[in-house]
**Q** 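Below you will find the structure I want to go over with you.
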Amino acid sequence: MESKTIPGLGIAGARMTKTGRWQRVSTLHRSFSVRLALLVVIFIALPIIVYSEFRDADAEKVALLQQNTRAEGQLIATALTPMLRAFNGGNADLIAKEVLRIARRGTVVRVMLRPKALGENAGLFIVAAAPPLPASKLNAERERLFQAGGLARIGAECGPVPDEARRYTNVSGAEEVLTSLVPVMSLQGCWIVLVSKSADRVLRSSLGRPYWQSAEVRIAAAIYLLFALVILWMFLDIWANLRRFARLAHDIRTGNAGGLSFEHQNRVPEISGIATEFDRLVLGLRASARSIREAAEENAHALKGPLAVISQSVEPLKKLTGDAHEAGRAVARIERSTERLDRLVSASRQLDNATAELMEAPEQRIDLSKLTRSLSDSFGRNHEPLSLAFEQEIDDGIVAWGSDVLFETVIENVLENAVSYSPRGGTVSVGLCREDGMAVITVADEGPGVDPGDLERIFERYFTDRPTIHLIANGEEVSTHYGIGLWIVRRNLEALGGSAVARNLPDSGFEITLRIPLAG
């Protein structure tokens with residue numbers, strides 16, 4: 001079976017798809033939450049990247065520093081080797097003087113001996129040190145050096161030991177970094193030339209400890225953390241301010257704001273102008289709602305007066321004309337037109353009031369179960385002459401945010417629509433249940449239904465195809481409905497975040513479904 005492509009449809013569809021994708025991307029791009037999440041990701045990723053780069057640079061610096069200190073230790077050991085090998089027990093002072101001479105500022109040298117005469121398990125003794133150490137501290141210093149590690153790895157053969165920088169605190173309480181340990185074998189035993197650096201000489205490097213423990217990393221981390229906290233605090237403060245605005249807007253819409261204003265809720269001076277404009281907007285909307293109501297009352301009063309006079313004036317004319325054919329038809333036409341004009345004035349007033357209600361409709365918890373059941377019972381009693389049966393399937397305890405007037409208007413209009421289409425002796429089914437966090441009201445009748453092409457049009461203003469008409473004597477048909485009931489239904493529900501849809505039932509009849517957000 002050969003498939004056919006409608007020219008231009010594929011291109012148009014692709015353009016629509018691209019437009020939809022671009023709109024979604026644009027929405028994400030503008031999202032405050034997305035920007036805040038992106039900022040958090042940057043704050044997490046940036047220090048990791050910078051730390052890695054700085055750590056590599058520090059590793060190179062440490063390697064160079066360690067190479068230099070190792071070479072310095074080797075030079076010192078080489079310079080002392082002839083004197084150490086010539087040691088006979090009486091030239092210890094000469095060794096101490098030589099150590100003091102060759103040790104540079106910031107370099108700590110200790111010369112230790114493990115005498116061969118005492119056996120392989122003999123301990124190490126400090127023979128000379130620069131800076132000099134008091135005799136009372138020699139044993140304590142030796143213990144600290146052993147605890148720092150390295151010395152224990154020197155075997156009986158007095159072989160070389162791999163260089164490894166180690167930090168430790170000497171007996172005077174100063175921090176040092178062991179940088180070089182050179183063993184020298186002589187007839188008297190195994191000599192150890194230990195070279196270290198005072199901590200202030202290697203302060204700007206991580207020699208002998210993890211890089212993250214270095215002072216520069218800690219200072220940078222503290223500054224960065226403070227900076228990140230300030231930025232996040234600023235974002236969260238603005239976010240909290242917007243949340244306060246949202247809560248106040250909800251309270252204003254539900255009539256619970258009291259005397260609060262956006263300016264009172266604002267905590268960020270830079271957006272005080274926005275808060276002021278919001279307050280002016282609310283005042284303007286309230287003033288507009290009052291003006292609409294006042295105009296509706298004034299217009300209705302202004303038009304009702306002349307209509308009443310016309311109606312009263314028609315009565316004596318009817319008596320004077322009697323049964324005269326043409327005069328009677330004229331008077332009847334005036335009377336019908338007056339009635340129609342009166343209904344139009346009432347409809348216009350209803351529209352204005354509905355608009356004002358949406359602009360400042362107070363919201364409260366409304367028991368939809370109770371309200372729907374009450375209205376259905378009332379319609380059943382009022383339409384007993386039509387022998388209509390009202391069947392109810394209403395769940396209990398269903399509550400929504402709104403107002404009595406708003407929901408009464410919605411449900412009454414839908415019920416009135418069902419009654420106007422129902423045949424005598426027919427059944428109107430009213431249902432209410434919960435579904436996906438929504439209250440779902442269904443009203444079905446056994447009428448003829450609606451032309452499929454008009455299913456959406458019935459919710460348009462001034463559209464009607466109701467069968468209820470008034471027949472004038474000359475055969476002219478005038479509708480007694482003006483197509484605003486279902487328009488008000490959909491508009492009111494959409495203002496609450498709900499919806500209204502209609503469908504023809506499979507066999508016969510018509511159904512309108514109302515979806516209303518449940519109260520939390």
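For clarity, every value in this text was computed on a predicted model and none was experimentally measured.
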**Q** With a distance cut-off below 6.0 Å to the six-membered ring centre and an angular limit of 45° from the axis, does R142 pair with F125 as a cation-pi contact?
**A** yes

**Q** Output yes when a side-chain donor or acceptor of T276 lies under 3.5 Å from a complementary backbone atom of S272, and no otherwise.
**A** yes

**Q** Assess whether side chain to side chain contact (heavy atoms under 4.5 Å, CB included) is satisfied between I488 and V410, documenting all intermediate values.
**A** CA-CA 7 Å; I488 291 176; V410 168; 5.8 Å; no

**Q** Could I get the full list of side-chain hydrogen bond (donor to acceptor under 3.5 Å, both in side chains) partners for R244, not counting sequence neighbours?
**A** N241

**Q** Step by step, would you call L145 with L178 a side chain to side chain contact (heavy atoms under 4.5 Å, CB included)?
**A** CA-CA 9 Å; L145 289 171; L178 301 176; 4.1 Å; yes

**Q** Over all heavy atoms of both residues, which pair between D395 and S369 is shortest? Give the atoms and the distance, please.
**A** O-OG, 2.6 Å

**Q** For the residue pair L100 and A129, what are the closest heavy atoms and their distance?
**A** CD2-O, 4.0 Å

**Q** Can you confirm whether R434 sits close enough to L518 that some side-chain heavy atom of one is under 4.5 Å from a side-chain heavy atom of the other?
**A** yes

**Q** Is it true that E494 and S499 share a donor-acceptor pair across their side chains at a distance under 3.5 Å?
**A** no

**Q** Atom OG1 of T81 and atom CG of L84: how far apart are they, to the nearest 0.5 Å?
**A** 6.0 Å

**Q** Got more than 12 heavy atoms from elsewhere within 6.0 Å of CZ, R267?
**A** yes

**Q** Quick one: salt bridge (charged side-chain N to carboxylate O under 4.0 Å, His left out) partners of E98, sequence neighbours excluded?
**A** R101

**Q** W191 and V111: which non-hydrogen atoms are nearest, and at how many Å?
**A** CE3-CG1, 3.5 Å

**Q** Working note: L514 + I512, criterion side chain to side chain contact (heavy atoms under 4.5 Å, CB included); need CA distance, chi angles, decisive distance, verdict.
**A** CA-CA 7 Å; L514 311 177; I512 291 180; 3.8 Å; yes

**Q** Heavy-atom distance under 4.5 Å between the side chains of L371 and D367, does that happen here?
**A** no

**Q** Supply the atom-to-atom distance L124 CG to L194 CG, rounded to the nearest 0.5 angstrom.
**A** 10.0 Å

**Q** Please check if the side chain of E393 supplies one atom and the backbone of G431 the other of a donor-acceptor pair under 3.5 Å.
**A** no

**Q** Grab the two heavy atoms, one from G73 and one from S180, that are nearest each other, plus how far apart they are.
**A** CA-OG, 3.5 Å

**Q** Heavy-atom count check: over 12 atoms from other residues, nucleotides or ligands less than 6.0 Å from F278 CZ?
**A** no

**Q** For the CD atom of E176 and the NZ atom of K197, what is their distance to the nearest 0.5 Å?
**A** 11.5 Å

**Q** Using the side-chain contact (heavy atoms from CB on, under 4.5 Å) definition, which of the options L375, L368, N492 pairs with F407?
**A** L368

**Q** How close do R85 and Q188 get, counting heavy atoms only, and between which atoms?
**A** O-OE1, 3.8 Å

**Q** I need the L138 CG to R110 CZ distance, nearest 0.5 Å.
**A** 10.5 Å

**Q** So, taking the atom named CD1 in I394 and the one named SG in C433, what distance separates them when rounded to the nearest 0.5 Å?
**A** 11.0 Å

**Q** Tell me, do E460 and R490 make a side-chain contact under 4.5 Å, heavy atoms counted?
**A** no

**Q** Does D279 use its side chain to pair, donor to acceptor, with the backbone of E263 at less than 3.5 Å?
**A** yes

**Q** Just do the side chain to side chain contact (heavy atoms under 4.5 Å, CB included) check on W401 and R365 with the steps written out, would you?
**A** CA-CA 5 Å; W401 285 105; R365 293 172 66 90; 3.7 Å; yes

**Q** Do V109 and T107 come within less than 4.5 Å of each other through their side chains, counting heavy atoms only?
**A** yes

**Q** Taking the side chain from N413 and the backbone from T409, do they hold a donor-acceptor pair closer than 3.5 Å?
**A** yes

**Q** Report, one line per pair, each donor and acceptor closer than 3.5 Å where one atom sits in a side chain of residues 435-444; sequence neighbours left out.
**A**
| unit_1 | atom_1 | unit_2 | atom_2 | d |
| --- | --- | --- | --- | --- |
| E435 | OE2 | R515 | NH1 | 3.2 |

**Q** Do V399 and I366 have side chains that get closer than 4.5 Å, going by heavy atoms?
**A** no

**Q** Hey, what do you get for CG (L432) to OG (S376), rounding to the nearest 0.5 Å?
**A** 11.0 Å

**Q** Just so I know, are the side chains of L80 and V99 near enough to count as touching, which here means a heavy-atom distance under 4.5 Å?
**A** yes

**Q** Shortest non-hydrogen contact from A400 to I516?
**A** CB-CG2, 3.8 Å

**Q** Do F87 and L187 make a side-chain contact, defined as non-hydrogen atoms from C-beta onward lying under 4.5 Å apart?
**A** no

